[in-house]
Every structure is written in C-alpha cells, then in structure tokens.
Amino acid sequence: QVQVVESGGGLVQAGGSLRLSCTVSGRTFSRYAMGWFRQTPGKEREFVAGINYAGGSTRYADSVKGRFTISRDNAKNTVYLQMNTLKPEDTAVYYCASARLGGVVFSANDYDYWGQGTQVTVSS
C-alpha cells in the first residue's frame with residue numbers, strides 16, 4: 001500500500017519561510033516524478049512545483065518561480081518544498097503527490113498517489 005505523508009506546514013508572517021517535507025512508502029520512490037500542488041476553498045487544485053525521478057529536472061508555477069525550490073532525496077524517499085518570501089496569497093492546503101511516470105508532469109490527473117495535505121497560512 002502506497003502512503004504519502006506531508007509535514008512542515010504552519011503559520012508564518014509574510015516574507016518568512018517554510019519547508020515542507022513529503023515521504024513516500026510502498027513504491028520505488030526513485031522511479032517516479034513528484035509534485036506539489038495547493039488548493040484554497042472554492043478553487044481547483046493547482047500545480048506548484050514538480051521534479052523528475054532523478055531530481056535533475058524541475059518545473060514551477062509562474063506564481064512561485066524564484067521563491068520556491070523543490071528537491072528530493074531518493075535515499076530517504078523524501079521530497080521537499082522550500083518556500084521563501086512567502087506572501088498571503090500562498091495561503092492554501094499543500095498536497096504532495098507521486099506521479100505515474102518519471103518525467104515532470106503538471107496535471108493532477110498525471111499523479112496517482114496523494115498525501116492528506118498540510119495547511120500553510122501566511123499572515124500579512
């Protein structure tokens with residue numbers, strides 16, 4: 001059984017930083033791309049960042065480019081999202097997901113295992 005577990009969310013002031021972590025068990029982590037998405041009430045889940053199976057290729061939403069960094073440690077079955085210069089509009093539930101394939105993908109439909117989400121709240 002595949003499990004995806006996020007951690008690291010919380011409350012931070014605008015301009016601050018948070019680091020999210022996500023650990024995957026039950027599948028060969030190093031074979032699959034990973035992604036971070038976020039969702040606010042009444043809106044669709046949106047792509048934030050993705051990383052390929054080996055960690056050599058990353059993609060970001062325009063809204064977070066230059067502020068967020070995705071990385072992975074295949075030895076620890078863990079993917080990270082370092083979030084700097086946070087803004088109130090970054091407030092959302094953040095989800096980690098494991099993709100169906102090894103390359104970076106942007107659509108939620110291309111991910112088959114999801115975590116339960118972790119709340120990030122940025123105060124102004």
Side-chain angles (χ1 to χ4, degrees):
Q1 181 179 355
V2 179
Q3 289 189 315
V4 180
V5 180
E6 304 104 335
S7 62
L11 173 65
V12 64
Q13 287 189 334
S17 299
L18 279 176
R19 188 196 198 198
L20 305 183
S21 299
C22 170
T23 301
V24 179
S25 60
R27 74 175 353 185
T28 306
F29 179 78
S30 59
R31 290 183 180 176
Y32 302 95
M34 294 294 297
W36 287 95
F37 289 73
R38 65 188 182 187
Q39 190 170 24
T40 55
K43 294 189 176 181
E44 290 190 0
R45 195 168 295 188
E46 66 170 353
F47 174 82
V48 174
I51 188 167
N52 76 335
Y53 72 101
S57 179
T58 58
R59 295 292 186 270
Y60 298 92
D62 287 343
S63 59
V64 307
K65 205 171 290 184
R67 300 187 298 121
F68 290 11
T69 302
I70 188 172
S71 61
R72 65 190 295 160
D73 184 340
N74 284 347
K76 296 182 178 180
N77 287 5
T78 301
V79 63
Y80 305 96
L81 185 68
Q82 178 66 45
M83 304 185 294
N84 298 329
T85 318
L86 283 160
K87 304 175 181 180
E89 51 263 43
D90 294 318
T91 295
V93 177
Y94 283 71
Y95 295 91
C96 173
S98 181
R100 302 177 192 278
L101 298 173
V104 180
V105 286
F106 307 93
S107 169
N109 292 331
D110 291 321
Y111 293 80
D112 50 359
Y113 293 101
W114 293 80
Q116 79 287 352
T118 186
Q119 177 71 46
V120 172
T121 303
V122 184
S123 63
S124 57

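- Note that CG of Asp73 and OG of Ser30 are 11.0 Å apart. Values are rounded to the nearest 0.5 Å.
- If you chain together ILVMFWY residues whose side-chain heavy atoms come under 4.5 Å of each other, Val64 ends up grouped with Val2, Val4, Val12, Leu18, Leu20, Val24, Phe29, Met34, Trp36, Val48, Ile51, Tyr60, Phe68, Ile70, Val79, Leu81, Met83, Leu86, Tyr94, Tyr113, Val120, Val122.
- When all heavy atoms are compared, the tightest approach of Ser124 to Pro88 is CB-CG, 3.8 Å.
- The minimum heavy-atom distance linking Val105 with Phe47 is given by the pair O-CE1, 3.5 Å.
- A cation-pi arrangement is present between Arg45 and Tyr95, with the terminal nitrogen or guanidinium carbon under 6.0 Å from the aromatic centre and inside a 45° cone about the axis.
- Counting heavy-atom neighbours within 6.0 Å of Arg100 CZ, excluding the residue itself, gives a total above 12.
- Contact check for Leu11 versus Gln119: no side-chain heavy atoms found under the 4.5 Å cut-off.
- Closest non-hydrogen pair, Ser63 versus Arg38, comes out as OG-NH2, 3.4 Å.
- Placement of Tyr111 and Leu101 in two distinct hydrophobic clusters is found when ILVMFWY residues are connected by side-chain heavy-atom separations under 4.5 Å, directly or transitively.
- Side-chain polar atoms of Thr78 and Thr23 form a donor-acceptor pair below 3.5 angstrom.
- Looking only at distances, no side-chain donor or acceptor of Arg59 sits under 3.5 Å from a matching main-chain atom of Asn52.
- Ion pairing between Lys65 and Asp62 holds under the 4.0 Å rule for side-chain N and carboxylate O.
- Residues Ser17 and Asn84 bring a donor and an acceptor atom of their side chains to less than 3.5 Å of each other.
- The heavy-atom pair separating Ser98 from Arg27 by the smallest distance is OG-NH1, 2.6 Å.
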